[in-house]
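What follows is one structure encoded as structure tokens, with my remarks underneath.
The model shown is predicted, which means the values in this text are computed figures rather than measured ones.
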Amino acid sequence: MFIPRLALMFYYRAQILLLIGLLAAGSVGCERDPNVKKRKFLDSGNRYLAKEEFPAAVVEFSNALQVDPNFAAAHFQLGECFLRMQRFREAYRELQRTVELDPTNQKAFLDLGMMFISARNYDQAQNQATKMLESDPKSVDARLLLSELNRQRGKSDLAMQEITEALHLDPNRAQLYVQLGSLQNAAGDAHAAEEAFQKALRIDPKFIPAIEALVAFYEDSGRPAEAEAQLRTAIQSAPDRVDLRKSLALLYYSQHRTAEAEQVMIQAKKELGGKDDNYRVLGDYYNNIGAADKALAEFAVLAKNHPDDLQTREDYILLLISSKALDDASRLDDEILQTHPKDPRAQIIRGTILNARGHFDQAARILEEALKDAPQDAYGHYQFGIALKNTGSDERAMQEWVEAARLAPQLNEVQMALAQIAREKNDAGLLRSTADQFIRNNPSDPRGYLLRAESEARSRQMPSAEADLNKAIQIDPLNSAAYNAMGTFLHEQGRNHEAEIYYEQALDRNANEFQSLAGIVNILMNQRQVAKAIARVEVQASRVPNSDAIYTLLGGLQIANKDLAAAESSLDRALQLNPSNQDAIQLLSKVQMARGQPDKALATAYQSIAQHPRQASAYVFVGTMEELRGDNAKAEEIYRKALEVDPTYGLAANNLAYLMLQNGEDVNAALALAQIARQRMPDSASAADTLAWVYYQKGLYGLAVPLLKEALGRSPDNPTYHYHIGMAYQKQDNKAASRQHLQRVLQLNPNYPAAAQIRQALSKLS
């Protein structure tokens, strides 16, 4: 067919336009394809992640998940990104979702397992390893996880077996050699450990864990110059790695090269501050080393310059709270809540401010509500524990602190709270693991070495304990707590002269180091030098005239010296300085009772409730004082109020049960209370006696006698326990045993309240 030339030109143009349209339609079709779209976001996120531009990577991975919420690869990469940012709560969520969607992702299982180990949730870590091996019997990641799990459990031989098997499967993986070196170093084979760390770096010269492990090895080996050289070499090869600069600064700080350490972080902020949130590095450094004033000034600038960075603003508020600038902190937190009323961290900060102001009831309510929206917030659980502890709910407080430590082992405040739990449970193993975690968190903080020394002393490892105490003093020679701890350690060893020197050094560094003053007093009282102890406390009171604790101690010493008038004056002064000082209230009330002023004593005792209305112990003290005055009905009423505050408070349940028996009230109700007391105070002779006396009243003499034997085993000269078991033996027709115990009552106290009944019973037995 013939086509004119002009028409031919239009024909080709039409064909070209048609082709362009088809191409465009195909392009639009690709853009609408969700698989293509999500892969595009994933690839973009991976590029940002490779360049360590974490916030941008988070945005891209999140975009991919908006397209496909079940996109396992995006969940995994987002989890890895959160791990690198140390946002562990979000990392756990994403990695958990990854393994749900993709049970073959060994790296996700490994990261979850390591998080479980850090939280000391060893059974969960074991489950992760089992699943990994079920999916791949030759899983190198599973062997690495099992090696670390066994290392943390103290099973070093099994840990070595697992890492050896992992290296057999994959001899070219740097991470495995870091684990091998750590095990060899712990076993005392320093040469092999150094070679393993160096091997890891030969495989991957930029592998940060290998660099950090080798640097720590050089530090522990007393080779700081090599540690510094290693870090400087690493920084030259990876100048954008801010964590390497942090390590160098901390190395300088541990060597007391504070000016050089600070300069490293100033330079890091200058060179890297424009990337991600690296503008925080200097402020974080100041905060980590305890330079509170510099940290506060730095974060004040950061919060102003980065108003959209909610975390930085909230961190600044927390620093204000630490510096006791509570009004400023409250104002700034209110500003955040006006624009972000549902922000749980701002609510947790509000609870923290209330705790700092002593409004523990209100703090507990706010924190409990905030944690419903942020159950993984370790700091929130920590603060909730403080609120509960100060409202008399000790057991719940412990539960919150255990949860906080599980969620964030790297949070030092949580480790300190966990250490307190270890002390209360007398658990040296928990105390040691807590100390080790604290030292890993911050090797330049003396508190970790003080904790480890305490655990070693409890385990009778005295040379190691003394070495750690000296290490704490070496790290921070101006730290009064380290000198106090050394004084206490020496005192417990009977080295009282040395102990007194360290206590005085602690007080030279910090006149408010009350435990050191108490230590000196303890030494003097053991030497029966009461007058000298009083004189020493009076000197300290003149140095720290606004310390209610010192005046309370002085009042206690004056009571021991039988100078009740002076004691009353000192305790009055303590309460002027701090009306809520529970010890001062109770001591003053007892002094007033002893001076024949029962009405005044009761009025003082009731201040305990007024100052601490949510503490069951305050009500129990008042109830005890009412009993001393002889008003058992009023005492019973107060004990019931204590149980309204805390229905499981053992001492209140015990005292109320006993009073009910004395008053001839419902024995079954008394039994329920006595059982609560026994459960809450299993080591209490008084609780055993009360429950036994209930059994006696119910005619259950066979149940009563073993409990009374236990009570006497704990308190062999208590006339009441002898009276009760004597009466129980009489009911069992065990005349000899009954006579023995009833006679013992009169030997201990001829004027015992039931003396007439006892003599009558003895007459019948004769």
Side-chain angles (χ1 to χ4, degrees), residues 89 119-121 321 344-345 347-409 411-427 430-431 433-434 580 582 608-609 611-621 623 638-656 672-684 687:
R89 181 181 64 188
R120 286 186 284 275
N121 194 339
I321 295 171
R345 192 161 187 252
Q347 293 288 358
I348 287 168
I349 289 174
R350 173 174 284 182
T352 303
I353 293 169
L354 289 168
N355 271 343
R357 285 176 166 160
H359 303 320
F360 300 112
D361 285 326
Q362 191 178 354
R365 290 193 294 271
I366 288 175
L367 290 163
E368 187 171 25
E369 195 64 29
L371 286 169
K372 292 178 182 177
D373 295 325
Q376 302 295 316
D377 193 301
Y379 186 75
H381 286 284
Y382 166 66
Q383 285 292 332
F384 189 29
I386 291 175
L388 292 169
K389 182 77 171 175
N390 285 279
T391 52
S393 299
D394 289 3
E395 286 298 320
R396 286 191 65 198
M398 287 186 186
Q399 292 170 9
E400 292 300 320
W401 286 338
V402 168
E403 178 65 6
R406 184 187 70 79
L407 291 168
L411 194 61
N412 288 339
E413 294 95 328
V414 173
Q415 293 301 328
M416 296 302 289
L418 191 60
Q420 184 58 34
I421 293 173
R423 292 188 188 99
E424 293 174 6
K425 293 182 177 292
N426 197 27
D427 189 337
L430 175 59
L431 191 61
S433 63
T434 299
S580 66
Q582 187 83 294
S608 183
I609 293 176
Q611 292 292 333
H612 305 278
R614 298 301 300 169
Q615 284 192 21
S617 59
Y619 292 87
V620 170
F621 174 69
I638 296 296
Y639 290 141
R640 292 188 187 280
K641 288 183 178 179
L643 290 170
E644 289 176 8
V645 172
D646 184 352
T648 64
Y649 193 62
L651 193 54
N654 182 72
N655 293 3
L656 179 57
L673 290 167
Q675 287 171 333
I676 290 173
R678 175 70 172 166
Q679 181 183 16
R680 304 302 291 176
M681 303 188 299
D683 298 326
S684 166

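- Counting only N and O atoms by type, the side chains of Q675 and R678 include no donor and acceptor under 3.5 Å apart.
- A salt bridge does not link K641 with E644: every distance from a Lys NZ or Arg NE/NH1/NH2 to an Asp or Glu carboxylate oxygen is 4.0 Å or more.
- If you take CZ on R357 and CD on Q362, they are separated by 10.0 Å, rounding to the nearest 0.5 Å.
- Nearest heavy atoms, L367 versus A387: CD1-CB, 4.4 Å.
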TODO: Could you give me the CA-CA distance, side-chain angles and deciding distance for F360 and R614, then say whether side chain to side chain contact (heavy atoms under 4.5 Å, CB included) is met?
DONE: CA-CA 9 Å; F360 300 112; R614 298 301 300 169; over 6 Å; no

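- Of all heavy-atom pairs spanning P344 and A374, the tightest one is CB-CB, 3.7 Å.
- Side-chain contact between I609 and F621: absent, with no pair of heavy atoms (C-beta onward) separated by less than 4.5 Å.
- The OG1 atom of T434 lies 8.5 Å from the CD1 atom of I421; values are rounded to the nearest 0.5 Å.
- Inter-residue side-chain proximity for S608 and Y619 is flagged as unmet; no heavy-atom pair is nearer than 4.5 Å.
- Nearest approach of G351 to I366, heavy atoms of both residues: N-CG2, 4.2 Å.
- Between Y382 and E400, the closest side-chain pair of non-hydrogen atoms is not below 4.5 Å.
- Remark: the E403 side chain and the H381 side chain contain no N/O donor-acceptor pair separated by less than 3.5 Å.
- The structure places CD1 of I349 at 10.0 Å from CD of Q383, a figure rounded to the nearest 0.5 Å.
- Between Y639 and G623, the shortest heavy-atom contact is OH-C, 3.3 Å.
- In this structure, H612 and Q582 have side chains that are in contact, with non-hydrogen atoms separated by less than 4.5 Å.
- Minimum heavy-atom separation, A363 to N355: CB-OD1, 3.3 Å.
- D361 contributes atom CG, which lies 9.5 Å from atom CD of Q615 (distance to the nearest 0.5 angstrom).
- Partners of K389 according to the salt bridge (charged side-chain N to carboxylate O under 4.0 Å, His left out) rule, which considers only residues two or more places apart in sequence or in another chain, are D394, E424.
- The backbone N or O of A687 lies less than 3.5 Å from a partner atom in the side chain of S684, making a donor-acceptor pair.
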Problem - Residue pair L430, L418: steps toward the side chain to side chain contact (heavy atoms under 4.5 Å, CB included) verdict - result: CA-CA 8 Å; L430 175 59; L418 191 60; 4.1 Å; yes

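- Taking OG from S580 and CG from N390, the interatomic distance works out to 10.0 Å, rounded to the nearest 0.5 Å.
- Summarising the geometry, atom CG belonging to L371 is positioned 5.0 Å from atom CD1 belonging to I348; distances are rounded to the nearest 0.5 Å.
- Between A653 and L643 the shortest heavy-atom distance is N-CD2, 3.9 Å.
- Taking 4.5 Å as the limit, every side-chain heavy atom of V414 sits out of range of all side-chain heavy atoms of W401.
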